[in-house]
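Data first, discussion second: the structure below is written as structure tokens.
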Amino acid sequence: MFSIFSCKQKETESISLDQKSDQKTDQFGFDFNDFNVLQDTIKRGDTFGSIIENQNLGDKQVYNIIEKIKDSFDVRNVRIGKPYTFLRSKDRYKKLQFAIYQPDRANYYIINFKDSVSVSKITRPIRIKKRTIAGELKGSFSEELQRQKVDPALANKLIKVYAWSIDFFKLKKGDQFGVIFTERYVDDTIYDGVDSLSAAFFEYKGKMVYAFPFAQNEASGKIDYYDENGKALKNFFLKSPLKYANITSRFSRSRFHPVQMMWKAHKGTDYAAPTGTPIMTTASGIVEQTGYTAGNGNFVKVKHDRTYSTQYLHMSRILVRRGQRVTQGSIIGRVGSTGLATGPHVCYRFWKNGVQVDALRLKLPNSQPMESKNLPRFKQQIEPLKWELDSVANL
């Protein structure tokens, strides 16, 4: 069910072309000088029916229009914040002649209200451009991207790729990096964001850590990331349950408990973070337990296979239920300070064969190891990319 009609005329923040002297007048294949132009964005509560009803159309007209176009334009898919443009007659009636809706930069719909109502979907040409950035860190990597005028989305892609091998908070001033990636441009001029990551390296703890995308099964096209020797970067487990890790207490056989004021074993690793920070499951599995105890507060325990289980304590909120299947990186709760805790953090506990162990000391297996038959193809594919990265590293 969806609403078609509006119960009342609402005030609009639309901008007429006459109010914007610098507005480009040739858009979407129209000369805006030939029309009375109204531009706005979809607001909360708007429907396609309600916004066109405000253009002097009656209820029955709106219903008939929606029935005519429903097979080529799903009116339920208009989204808050997306722009639309009304082209109206220049006479005193300001009759709606065309409506243009833009779901994204590359596509737009033209609804023609003249004579017989019809819809056209236009896809603008997209050009993919390769770009390489490199240098030495002078601050954080995010600051470096900002300095080089790169979309912050690239940092998110790299954090996911290196989640199992690099703690970006531990990169130091002077560490080198290089990234080869592609960017999308609509109509060759309108920037539309980062498209894909082609290759990268980071100097981390004195070593160069490379990342190259590769599909072992060319038919499936499933991409994993490998270093220059074909070793998978992705581990069975993430390095921590938080996106940004700040360890405040480690696994210990004897630790002075800050709340109970006594020496006892601490069979977990504490990661401090603000209340509400998302907590991720470090590997895929089944939620084995959720609940609350006086010591652990709100907690979730995940069983990954016959060997490994993990538990996450002191949550402010639990976001999963018992028996639910979760994938690596899924948000299962929020950081809190429930139970015996002096401040907001997550205590991360790790079981191997039913015994609690120190997760930071385990040597865990990589997933999707490189098959020997694929190694020659992988080496051939990365050779020019590695040469380019090594060239910028030595500048």
Side-chain angles (χ1 to χ4, degrees), residues 159-160 162-170 234-260 264-305 307-322 324-367:
I159 287 170
K160 289 180 180 178
Y162 282 107
W164 303 268
S165 49
I166 289 179
D167 182 347
F168 275 74
F169 273 108
K170 293 184 179 177
K234 183 177 182 179
N235 287 324
F236 184 31
F237 285 86
L238 293 172
K239 293 179 76 67
S240 85
L242 302 181
K243 191 172 183 181
Y244 301 107
N246 179 23
I247 297 174
T248 54
S249 184
R250 295 174 178 267
F251 186 99
S252 173
R253 297 295 177 187
S254 181
R255 182 194 73 155
F256 188 75
H257 196 285
V259 176
Q260 296 179 312
K264 60 184 296 186
H266 182 240
K267 296 183 179 181
T269 305
D270 289 347
Y271 295 90
T275 298
T277 300
I279 299 171
M280 304 178 293
T281 178
T282 53
S284 300
I286 301 292
V287 177
E288 187 176 27
Q289 287 180 294
T290 65
Y292 178 91
T293 66
N296 296 340
N298 295 320
F299 72 91
V300 171
K301 189 174 183 181
V302 179
K303 185 176 181 62
H304 305 291
D305 59 15
T307 304
Y308 300 110
S309 298
T310 55
Q311 190 178 21
Y312 312 79
L313 313 182
H314 309 302
M315 293 178 170
S316 60
R317 289 182 63 197
I318 296 172
L319 300 178
V320 290
R321 63 185 183 280
R322 186 175 179 179
Q324 181 176 336
R325 178 171 292 278
V326 291
T327 58
Q328 186 179 63
S330 295
I331 307 303
I332 58 173
R334 302 281 180 177
V335 168
S337 51
T338 56
L340 293 178
T342 57
H345 73 288
V346 56
C347 179
Y348 175 56
R349 297 192 174 186
F350 201 103
W351 275 262
K352 181 178 180 181
N353 295 320
V355 178
Q356 289 191 62
V357 295
D358 186 353
L360 298 179
R361 292 183 178 273
L362 282 180
K363 290 185 177 180
L364 296 166
N366 288 336
S367 61

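Bear in mind the structure is a predicted one, so any value in this text is a computation, not a measurement. Heads up: numbering here begins at 1 and tracks the sequence.
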Are side-chain heavy atoms of R317 and N298 found at a separation under 4.5 Å? no
List the atom pairs, donor and acceptor, that lie under 3.5 Å between side-chain atoms in residues 285-294 and the rest of the protein, sequence neighbours left out.
residue	atom	partner	partner atom	Å
T293	OG1	N296	N	3.0

Separation between CZ of F237 and CZ of F350, rounded to the nearest 0.5 Å: 3.5 Å
Y312 and F299 aromatic centres sub-6.0 Å: no
Of the options I247, T310, D270, which is the one that meets Y348 in a side-chain contact (heavy atoms from CB on, under 4.5 Å)? T310
Where do C347 and G268 come nearest, in terms of heavy atoms and distance? SG-CA, 4.1 Å
May I ask you to decide if G336's main-chain N or O and T275's side chain share a donor-acceptor pair within less than 3.5 Å? no
Rounded to the nearest 0.5 Å, how far apart are CZ of R325 and OG of S330? 11.0 Å
Closest approach of L319 and G333, non-hydrogen atoms and distance? CG-CA, 3.8 Å
Is any side-chain heavy atom of T281 closer than 4.5 Å to a side-chain heavy atom of H304? yes
Can you find a pair of side-chain heavy atoms, one from R250 and one from D358, that are under 4.5 Å apart? no
Minimum heavy-atom separation for G276 to R334, with atom names? O-CD, 3.0 Å
Sidechain-backbone polar pair: H345 side chain, Y271 backbone, donor-acceptor under 3.5 Å: no
Does a side-chain heavy-atom distance below 4.5 Å link S309 with K301? yes
Taking C-beta and beyond as the side chain, do V335 and L242 meet within less than 4.5 Å on heavy atoms? yes
When you compare the side chain of Q328 with that of S284, does any pair of heavy atoms fall below 4.5 Å? yes
Checking T338 side chain against M315 main chain: does a donor-acceptor pair fall under 3.5 Å? yes
Please examine the side chains of M280 and I332, heavy atoms only from C-beta on, and report whether any two atoms are closer than 4.5 Å. no
When you look at K352 and T307, which way does the side-chain contact (heavy atoms from CB on, under 4.5 Å) test go after all the steps? CA-CA 5 Å; K352 181 178 180 181; T307 304; 3.9 Å; yes
Provide the closest heavy-atom pair for K303 versus D305 in the form atom of the first, atom of the second, distance. NZ-O, 3.4 Å
